[in-house]
Amino acid sequence: MELIQVFTSLAEKINQDPTGISHLNDVYQLEVTSGTYQVRFADGQAEWAEGNKWEPTCSLQIKDEDLLKLVTGKLGATTAVMMGKLKVKGSIEAALRLQKVLKHYAS
């Protein structure tokens, strides 16, 4: 599954039931093998964009295939960090909030 499909599907899923993000106001920058993407949670809505549209709260460096595993619940964030597959820059607290969101909406 391509990352764009994953971001679109996840945003739709979250926006249909925003209870898991209602308290968030964060921008996550995902620096992946195929480029840079951002995911923003604000005002109970999720959206994504290619490139650097917003000021990130937290940046994550991860390979495309590992991000797919992370989003689908096949790879835990803590495990990914410990294995060197995920690097976090910026707010660690924001990264932990994202982990909870992904767990809540794991497909």
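The shortest distance between side-chain heavy atoms of L67 and T33 does not fall below 4.5 Å. A 4.5 Å side-chain heavy-atom check between C58 and L98 finds every atom pair outside the cut-off. Inter-residue side-chain proximity for E55 and V27 is flagged as unmet; no heavy-atom pair is nearer than 4.5 Å.
With W48 as the partner, the ring-ring contact (aromatic ring centres under 6.0 Å, His included) test is satisfied by one option alone out of F7, Y28, F41: F7. Put simply, the residue from V6, D66, L30, L3 that forms a side chain to side chain contact (heavy atoms under 4.5 Å, CB included) with V71 is V6.
Contact record, I21 with A46: CD1-N, 3.9 Å, taken as the closest heavy-atom pair. Contact detail for G76 and L70: the closest heavy-atom pair is C-CD1, 3.8 Å.
Within the model, atoms OG of S22 and CG of D43 stand 11.5 Å from one another, a figure rounded to the nearest 0.5 Å. Annotation: the span from N52 atom CG to Q29 atom CD amounts to 4.5 Å, rounded to 0.5 Å. The NZ atom of K63 sits 9.5 Å away from atom NZ of K69, with the distance rounded to the nearest 0.5 Å.
For the pair Q38 (side chain) and K53 (backbone), a donor-acceptor distance under 3.5 Å is present. For the pair D26 (side chain) and T57 (backbone), a donor-acceptor distance under 3.5 Å is absent. Here the side chain of Y105 pairs no donor or acceptor atom with the backbone of A11 at under 3.5 angstrom. No donor-acceptor pair closer than 3.5 Å links the side chain of N15 to the backbone N or O of Q45.
Residues passing the side-chain contact (heavy atoms from CB on, under 4.5 Å) test with E93 are S91, R97, sequence neighbours excluded. T79 is linked by a side-chain contact (heavy atoms from CB on, under 4.5 Å) to L75, M83, counting only residues two or more places apart in sequence or in another chain. Here Q61 pairs with E31, K87, K89 under the side-chain contact (heavy atoms from CB on, under 4.5 Å) rule; sequence neighbours left out.
Residue D17 places its CG atom among more than 12 non-hydrogen atoms of other residues, nucleotides or ligands, all under 6.0 Å distant.
Cluster membership check: L24 shares its hydrophobic cluster with V88, using side-chain heavy-atom separations under 4.5 Å among Ile, Leu, Val, Met, Phe, Trp and Tyr.
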